[in-house]
There are 2 protein chains.
Amino acid sequence: MVTRAESAALTRRALLDAAADLLDLGGPEAVTLREVGARAGVTRGAPYRHFTGKDSLLTAVATESWERIADQVRALRTDPARSASDKLRGALRTLIGVGRDQPHLYQMLFRRHGHRPEDLGEGLDRVRRQLCGPAGDPAADRVRAAARFQDEFLAVVADLVGERNARHYGALLLTSAHGIADMELSGHLGTDALRATPDELVDTLVRMVTDVGGTP
Amino acid sequence: MVTRAESAALTRRALLDAAADLLDLGGPEAVTLREVGARAGVTRGAPYRHFTGKDSLLTAVATESWERIADQVRALRTDPARSASDKLRGALRTLIGVGRDQPHLYQMLFRRHGHRPEDLGEGLDRVRRQLCGPAGDPAADRVRAAARFQDEFLAVVADLVGERNARHYGALLLTSAHGIADMELSGHLGTDALRATPDELVDTLVRMVTDVGGTP
DNA sequence: GGGTCTCAGATGACGTTGTCATCTTGGTTA
DNA sequence: TAACCAAGATGACAACGTCATCTGAGACCC
């Protein structure tokens, strides 16, 4: 026998997986609540029992991805076999790799936060679910997950340039990495004018920070 | 009296303006062909006489924006009163400024290129319009406009680090600038971990490239 | 100048989608 | 066992992108 809670958790998982699959295949517009439901073995309205709507579902997918990325960077950071600069290179390549391998998911990671007021709705049970449910605000969850990644990344940077300068260089390195990934997947890199590859750029970044060393 | 060509050009302009306005206000989802038509004084189907569809219209808006940005950088580049590093700072800030002031438009500038095959359609007059029309492929137009901006930007970089290194550093600077702009507008900058401001990051970038000078 | 052509725009229609209110049903609990 | 509750099913609705078709006025040729 299957308890109701277990069944619900299973459905939620299936919904997230289906949404992630469809997102990979055809981008956000391909993520149809009807198709998501069908793949999860439920009907179109069922997702509303687990998420406030389509946005909320996609945000949850992004949250899980951020958590996965944060875990990867953590594993990489605590690997004793790697040098500090190797770890930094690896962390940068991890993020850029998501952009290359899962471009649609990647764009979800960097979507505008925050609910517009009209997103809140006023159905009674929806309000209650938002207040009491374990999920909480999906947008806030994603911010939290992204922040965990940023912390891990910052720790990697600190190993290389010291705690003092980590904040400043961390921001520079992370924004640069995102720019590389996003311009690569949007086709703005590798044009006639910008013929550099992501790997070249990452190498230059790491070298610059290593050379300049501790003086920001 | 108004010739037909003039009237059509006027409508096309009104459609582009209306789309740009709606994009600014509420993002791509707020750009409804019906509302665009209404603001331009025509009906929902009229835009299809000037663009192949909604995507094409938004792409055209992005194209015009790229051209405007390219013009701005060109004006800045040919300003004799500025130093080379000042010009670079200005060019970087120009791009980031668009991200800050018109976030929705900015995201349109960096959208995935390329038509999916099913976008082509097979209506006879549509095919003819695509083949013979002066507009050509809207996606290709945007690529061209973006490339013009990249060329202008590269010229600015070349003034500072020389022709030889311009390609490499240009790619690094441009991707970084985009990363700064995009993470700023998506709320990933200015968090606890990443407290840097765009201006600080731009200054560091320019200083790094200036210091390292000619050796890539 | 009259007839024909051409194309910008209007109109009606269709399928799809997100969202909601309502209903059903089977696990849960007193 | 009976009341209860929430997960899910179902019907419905408005909005949207898109298309085929129709209309009318400027453009063009004789």
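First the proteins, then the strands, lettered A, B, ... as listed; each starts at 1. Just so it is clear, the structure is predicted and the values come from calculations on it, not from any experiment.
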If the cut-off is 4.0 Å, is [X] near the phosphate of [N], judged by side-chain N/O to OP1 or OP2?
{"X": "B:H50", "N": "C:dG9", "answer": "yes"}
{"X": "A:T32", "N": "C:dT17", "answer": "yes"}
{"X": "B:T11", "N": "C:dG9", "answer": "yes"}
{"X": "A:Y48", "N": "D:dG8", "answer": "no"}

First encountered from the 5' end of DNA chain C, between B:A8 and A:V31 | B:A8
In terms of the nearest nucleotide of DNA chain C, which residue is placed more toward the 5' end: B:S7 or A:G45?
-> B:S7
Only pairs at least two apart or in different chains count here, so list each side-chain hydrogen bond (donor to acceptor under 3.5 Å, both in side chains) that has a residue in residues 147-159 of chain B.
-> A:T191-B:Q150, B:D71-B:R148, B:R74-B:E152, B:R77-B:E152
In this structure, how many angstroms lie between the [atom2] atom of [N] and the [atom1] atom of [X], rounded?
{"X": "A:L10", "N": "C:dG27", "atom1": "CG", "atom2": "C1'", "value": "15 Å"}
{"X": "B:E6", "N": "C:dA8", "atom1": "CD", "atom2": "P", "value": "14 Å"}
{"X": "B:R44", "N": "C:dT11", "atom1": "CZ", "atom2": "P", "value": "8 Å"}
{"X": "A:L57", "N": "C:dT19", "atom1": "CG", "atom2": "C1'", "value": "14 Å"}
{"X": "B:L33", "N": "C:dG9", "atom1": "CG", "atom2": "P", "value": "14 Å"}
{"X": "B:K54", "N": "C:dT16", "atom1": "NZ", "atom2": "P", "value": "18 Å"}
{"X": "A:F51", "N": "C:dC20", "atom1": "CZ", "atom2": "P", "value": "16 Å"}
{"X": "B:L15", "N": "C:dA8", "atom1": "CG", "atom2": "C1'", "value": "11 Å"}

If you measure from CG on B:L160 to NZ on B:K87, what distance do you get to the nearest 0.5 Å?
-> 10.5 Å
Heteroatom pairs (N/O) under 3.5 angstrom, protein to nucleotides 22-25 of chain D:
none

Do A:T11 and A:H50 meet the criterion of a side-chain donor-acceptor pair at a distance under 3.5 Å?
-> no
Between A:D203 and A:R89, is the closest basic N to carboxylate O distance under 4.0 Å?
-> yes
Does B:E64 pair with B:R13 as a salt bridge, N-O distance under 4.0 Å?
-> yes
What nucleic acid atoms does A:V36 come within less than 4.0 Å of, heavy atoms only: base, sugar-phosphate, or nothing?
-> nothing
Mapping A:V42 and A:R34 onto DNA chain D by nearest heavy atom, which one lands closer to the 5' end?
-> A:V42
Name the residue closer to the 5' end of DNA chain D, choosing between B:A5 and B:G53 according to the nucleotide with the nearest heavy atom.
-> B:G53
A:W66 and A:I69: CA distance, side-chain angles, deciding distance, side-chain contact (heavy atoms from CB on, under 4.5 Å) verdict = CA-CA 5 Å; A:W66 271 128; A:I69 298 171; 4.2 Å; yes
Please report the C-alpha distance between B:L201 and B:L189 in whole Å, then the side-chain angles of each, then the deciding distance to 0.1 Å, and finally whether the side-chain contact (heavy atoms from CB on, under 4.5 Å) criterion is met.
-> CA-CA 11 Å; B:L201 294 172; B:L189 212 54; 4.0 Å; yes
